[in-house]
Participant: 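Have a look at this one before I ask anything.
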Amino acid sequence: QVQLVESGGGLVQAGGSLRLSCAASGRTFSSATMGWFRQPPGEEREFVAAVTASRSGGRTYYADSVNGRFTISRDNGKNTVYLQMSSLKPEDTAVYFCNGRGSYVRGNYSPGDYWGQGTQVTVSS
């Protein structure tokens with residue numbers, strides 16, 4: 001059983017930065033594609049970023065809305081994936097969820113079966 005726990009959310013002013021962390025249990029972290037989703041208030045959950053397994057090159061992918069501002073990375077030694085968020089905008093306000101064992105093919109990220117509990121990010125004007 002894989003368990004994901006997000007942390008690092010909070011309140012930040014527009015233009016500021018925040019780093020989210022997702023700590024994963026289990027011994028298959030290094031071989032798993034990891035991703036971040038977010039769910040704005042009253043809206044559907046949407047893809048944010050993904051990083052493929054290190055054995056597959058650790059390639060990163062981003063939603064157009066965050067490309068150039070957010071950076072996803074992983075530290076296999078710590079079983080942790082990060083989402084560094086910069087130049088934050090009020091529209092980035094959402095609950096952010098870590099996702100494990102998804103896949104990114106043909107320009108689309110399909111989430112895996114493992115989700116964290118979510119962490120709230122609120123960006124003030």
Side-chain angles (χ1 to χ4, degrees):
Q1 181 68 38
V2 175
Q3 187 163 345
L4 307 175
V5 180
E6 302 98 332
S7 62
L11 176 64
V12 64
Q13 293 182 344
S17 299
L18 202 63
R19 188 180 75 163
L20 306 182
S21 299
C22 173
S25 65
R27 58 180 180 270
T28 61
F29 175 82
S30 63
S31 62
T33 294
M34 304 294 296
W36 288 94
F37 284 70
R38 68 186 182 186
Q39 187 167 8
E43 300 184 21
E44 298 294 322
R45 196 170 297 186
E46 64 185 25
F47 169 74
V48 175
V51 56
T52 65
S54 296
R55 64 184 295 180
S56 299
R59 297 181 295 274
T60 58
Y61 304 91
Y62 300 93
D64 289 342
S65 59
V66 306
N67 195 23
R69 299 187 298 118
F70 291 11
T71 301
I72 188 172
S73 62
R74 64 193 303 156
D75 186 333
N76 292 331
K78 298 180 179 179
N79 282 3
T80 301
V81 62
Y82 303 96
L83 185 67
Q84 178 66 50
M85 305 183 294
S86 300
S87 301
L88 283 163
K89 306 174 180 179
E91 50 262 46
D92 294 319
T93 295
V95 178
Y96 284 71
F97 297 90
C98 181
N99 176 258
R101 295 185 178 177
S103 61
Y104 195 97
V105 292
R106 298 178 180 178
N108 181 62
Y109 180 82
S110 299
D113 295 333
Y114 299 95
W115 294 92
Q117 82 288 346
T119 185
Q120 176 72 47
V121 173
T122 302
V123 184
S124 63
S125 301

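The structure displayed is predicted, hence computed values, not measured ones. Positions are given from 1 along the sequence.
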Participant: Could you measure the distance from the CZ atom of R74 to the OG1 atom of T80? Nearest 0.5 Å is fine.
Facilitator: 10.5 Å

Participant: Which pair of non-hydrogen atoms, one from Q117 and one from V5, has the smallest distance, and what is that distance?
Facilitator: OE1-CA, 3.6 Å

Participant: Which distance, rounded to the nearest 0.5 Å, do you find between the CG of L20 and the CZ of F70?
Facilitator: 8.0 Å

Participant: Should the heavy atoms of other residues, nucleotides or ligands under 6.0 Å from CD of E44 be counted, would the total exceed 12?
Facilitator: no

Participant: Side chains of S103 and T33: closer than 4.5 Å at any heavy-atom pair?
Facilitator: no

Participant: Tell me, with the steps shown, if Q13 and L88 meet side chain to side chain contact (heavy atoms under 4.5 Å, CB included).
Facilitator: CA-CA 8 Å; Q13 293 182 344; L88 283 163; over 6 Å; no

Participant: How far apart are the C-alpha atoms of R45 and W115, what are their side-chain angles, what is the distance that settles it, and do they pass the side chain to side chain contact (heavy atoms under 4.5 Å, CB included) test?
Facilitator: CA-CA 12 Å; R45 196 170 297 186; W115 294 92; 3.4 Å; yes

Participant: A cation-pi test, strictly: NZ or CZ of R59 under 6.0 Å from the centre of the six-membered ring of Y104 and no more than 45 degrees from its axis. Yes or no?
Facilitator: no

Participant: Is V2 reachable from M34 through a run of I, L, V, M, F, W or Y residues, each pair having side-chain heavy atoms under 4.5 Å apart?
Facilitator: yes

Participant: In the single-linkage hydrophobic clustering (I, L, V, M, F, W, Y; side-chain heavy atoms under 4.5 Å), do V81 and F97 co-cluster?
Facilitator: no

Participant: Determine, using the 4.5 Å side-chain heavy-atom cutoff (strictly less than), whether M85 and Y82 are members of one ILVMFWY cluster.
Facilitator: no

Participant: Among S30, S54, S31, find the one that has a side chain to side chain donor-acceptor pair (under 3.5 Å) with N76.
Facilitator: S54

Participant: Only one of L11, V12, L18 forms a side chain to side chain contact (heavy atoms under 4.5 Å, CB included) with V123, so which one is it?
Facilitator: V12

Participant: Check whether the ring centres of F37 and Y109 lie less than 6.0 Å apart, and answer yes or no.
Facilitator: yes

Participant: Okay, side chain of N99, backbone of Y114: is any donor-acceptor separation there less than 3.5 Å?
Facilitator: yes

Participant: What's the spacing between N79 CG and Q3 CD if we round to 0.5 Å?
Facilitator: 13.0 Å

Participant: Taking G112's backbone N and O only, do any of them form a donor-acceptor pair with R101's side chain (distance below 3.5 Å, no angle check)?
Facilitator: no

Participant: Counting C-beta onward and ignoring hydrogens, is there a side-chain heavy-atom pair between Y61 and I72 closer than 4.5 Å?
Facilitator: no

Participant: For residues A49 and L83, report the shortest heavy-atom separation together with the two atoms involved.
Facilitator: CB-CD1, 4.2 Å

Participant: Here's a test for you: under salt bridge (Lys or Arg N to Asp or Glu O under 4.0 Å), which of E43, E46, E6 qualifies with R38?
Facilitator: E46

Participant: Is there a chain of hydrophobic side chains (I, L, V, M, F, W, Y, each step under 4.5 Å between heavy atoms) that links Y62 to V48?
Facilitator: yes

Participant: Tell me whether F47 is reachable from L4 by hopping between hydrophobic residues (I, L, V, M, F, W, Y) whose side-chain heavy atoms are closer than 4.5 Å.
Facilitator: no

Participant: The test is side chain to side chain contact (heavy atoms under 4.5 Å, CB included); show your working for S17 and Q84 and say whether it passes.
Facilitator: CA-CA 7 Å; S17 299; Q84 178 66 50; 4.0 Å; yes

